[in-house]
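Start at 1 with the first residue, then count along the sequence. Worth saying up front: this structure is predicted, and the values here are computed from it rather than measured.
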Amino acid sequence: MKHSSPLGHAARFAMTLGLCAALATPLHASTEEWPRGHYPLPEEGDLVGEVYTVVAESGDTLIDIGHEHGIGYEEMVRANPEISIWAPFEGTEVVIPGRFILPEGPREGLVVNVAEMRLYYYPPADEGEMQRVETYPIAVGRMDWKTPLGTTHITEKVKDPAWYPPASIRREHAEAGDPLPSVVPPGPDNPMGTRKMRLGIPGYLIHGTNRPEGVGMRVTHGCIRMLPEDIEALFPRLPIGTQVTLINETLKLGWANGTLHVQAYPYLDEEDGTTIQRITEALDQVDTATDGLDYPVDYARLREVVEVPRGMPVALEVTVPETLWDRLELIAADTESRESQAEES
C-alpha cells in the first residue's frame, strides 16, 4: 500500500465524516523514529495520534492494511464502511482511524477497554524522560465468554507456552466436530501464539495468536488476544506485578486545544442499554465535563455520534460557518446599503 499525504486526505475525509476539527494533534516531540502506536503523553489534553489515509495496492486486504498501522478489524470496518474487506480496489484511499481519546482513570500500567477492543500501556519514565503511551488493537471475549472487568495484575509470564484447553472449551470443540487434544505444544498450531501473560483473575490471559485476522473482533473465550508482533514487543517490558485495568467504556470524552471531543463505540451487548439510554448518558457526561465552563456544545453532533458510533474522535464545539473575512464583507455591505438608503432619502 502507498501512504497518502496525511493532512490533505485526512481533512477531506474528515469533512465527509463530520470530523472537521478532530484531526490535528500537536506533538511535543517528533515521533518519526517511534514504533507505530507510540505517542508522547499530552501534558495537557487527552488525545493522541491522527486520522489519515493510505492507498491500497493490489493484493491488500482491509485487515492487512489495518494491522500494518496498528488498527483492528472492527475499527477498520467502521472507518471504511463502503470498502470491501477482502479486496479493496487498487488505488482506493483507505482511512486509518489512528486518533484516540485516552481512557478515563489513572494513566499507569495497562488499561484495556473491551468496548474499544484496544489496549493502552503507560510505560514508566525516568526522570527527565518524556512520558508516553502505547496503544494496540486486541481481540476480546465473545458474547458467551465475556472478558472480565476490574483491576488486576500480571502474575506470570511464559514464552512459547503450551496450551492446555479447559474442559469447557474441549467440550465446545467436540460438539462442533473439531475435537482438541489435552495439550497443544508450542508452535504454529498453538492459538496462544509465542507469548502469554497470566492475570490475577483466574483463567484469564493476555496472549498472542496464530490467527491474527481475528484481532479487533469478539472471538476469544474471554482472554485478551494481541497481534504476534505487538505482544512480543510488550512482553519483555512488562514485569510481573504490572497493574492491568479492564474497563468497558463505550463513550470517551477528551479535550484537545480547548475543544471537547467524543469517541463512541457500539455496546458489546444489547442488554447494556438502548439508544435513548446511550444518548441520555452521553448528555450527562458532556454536562459534567463542561460544568462551570462557557462552552458551546454541539448537541446535534453528539447525538449523531452516539446513534452511529464510528470509533473516531469528533469535536463537539459549535462552529461559526463564516470566516472573519466573510464577517467583514457582510459589515461592509451592510454599511454601504445603509449609506445608499440615506442618500436616496
Side-chain angles (χ1 to χ4, degrees), residues 37 63 67 70-75 103 109-121 134-176 178 180-249 265 268-269:
I63 297 174
H67 287 178
I71 308 295
Y73 175 89
E74 291 288 352
E75 294 172 299
L110 297 179
V111 177
V112 175
N113 187 5
V114 295
E116 189 178 359
M117 288 184 247
R118 184 156 284 276
L119 177 150
Y120 295 84
Y121 173 49
E134 304 170 19
T135 182
Y136 303 92
I138 57 173
V140 298
R142 60 194 206 212
M143 290 184 65
D144 50 344
W145 294 86
K146 294 181 181 180
T147 299
L149 305 178
T151 300
T152 184
H153 297 82
I154 294 173
T155 61
E156 180 187 42
K157 297 170 57 178
V158 179
K159 183 178 178 180
D160 296 321
W163 182 43
Y164 299 87
S168 57
I169 296 179
R170 293 181 62 189
R171 183 167 55 251
E172 179 186 61
H173 277 256
E175 291 172 354
D178 180 29
L180 290 174
S182 59
V183 58
V184 178
D189 296 327
N190 191 315
M192 290 200 301
T194 65
R195 306 287 190 278
K196 80 170 184 181
M197 296 182 286
R198 188 175 300 279
L199 301 179
I201 303 173
Y204 292 95
L205 312 166
I206 300 174
H207 62 78
T209 181
N210 63 343
R211 295 182 177 179
E213 63 275 6
V215 171
M217 302 173 66
R218 298 188 65 192
V219 292
T220 79
H221 290 87
C223 289
I224 296 156
R225 184 184 299 177
M226 300 183 69
L227 291 173
E229 61 270 27
D230 289 346
I231 194 165
E232 288 175 9
L234 266 183
F235 185 87
R237 298 186 292 125
L238 297 179
I240 290 175
T242 298
Q243 178 174 295
V244 181
T245 305
L246 301 135
I247 61 176
N248 180 24
E249 197 170 290
Y265 301 90
L268 293 177
D269 301 302

Measure the shortest side-chain to side-chain distance between Lys157 and Pro236 over non-hydrogen atoms and say whether it is less than 4.5 angstrom. no
For Pro137 against Gly72, the heavy-atom pair lying closest together: CB-N, 3.5 Å
Sidechain-backbone polar pair: Thr220 side chain, Val140 backbone, donor-acceptor under 3.5 Å: yes
Rounding to 0.5 Å, atoms CE (Met217) and CD1 (Ile63) come to a distance of 7.0 Å
Distance-minimising heavy-atom pair for Pro148 and Gly222: CD-O, 3.9 Å
Out of curiosity, Leu234 CG to Leu227 CG, how far, rounded to the nearest 0.5 Å? 11.0 Å
Do Ile206 and Cys223 make a side-chain contact, defined as non-hydrogen atoms from C-beta onward lying under 4.5 Å apart? no
Using only atom types and a distance under 3.5 Å, with no angle test, would you say the side chain of Thr147 pairs donor to acceptor with the backbone of Gly141? yes
Can you tell me how far the CG atom of Asp230 sits from the OH atom of Tyr121, to the nearest 0.5 Å? 14.0 Å
For Pro161, does its backbone N or O pair with a side-chain atom of Asn190 as donor and acceptor, under 3.5 Å? yes
So how far is it from Trp163 CH2 to Leu180 CG, rounded to the nearest 0.5 Å? 5.0 Å
Salt bridge (charged side-chain N to carboxylate O under 4.0 Å, His left out) pairs touching residues 202-225, sequence neighbours excluded, are Arg218-Asp269
Which pairs would a plain distance check flag for residues 191-202, meaning a side-chain donor or acceptor within less than 3.5 Å of a matching protein atom at least two apart in sequence or in another chain?
| residue | atom | partner | partner atom | Å |
| --- | --- | --- | --- | --- |
| Thr194 | OG1 | Glu232 | OE2 | 2.7 |
| Arg198 | NE | Glu156 | OE1 | 2.8 |

Just so I know, are the side chains of Asn210 and Pro188 near enough to count as touching, which here means a heavy-atom distance under 4.5 Å? no
Taken to the nearest 0.5 Å, the spacing of Phe235 CZ from Ile154 CD1 works out to 9.0 Å
Main-chain N/O of Glu249 paired to Asn113 side chain as donor or acceptor, under 3.5 Å: yes
Given side-chain contact (heavy atoms from CB on, under 4.5 Å), test Lys146 with Leu268 step by step and report yes or no. CA-CA 10 Å; Lys146 294 181 181 180; Leu268 293 177; over 6 Å; no
Going by heavy atoms in the side chains, are Ile71 and Arg118 under 4.5 Å from each other? yes
Atom of Ala139, atom of Val215 and distance for their closest heavy-atom approach: CB-CA, 4.0 Å
Which pair of non-hydrogen atoms, one from His153 and one from Gly241, has the smallest distance, and what is that distance? CD2-O, 3.0 Å
Got a second to check how far Leu110's CG is from Thr245's OG1, nearest 0.5 Å? 8.5 Å
Partner set under ring-ring contact (aromatic ring centres under 6.0 Å, His included) for His221, not counting sequence neighbours: Trp145
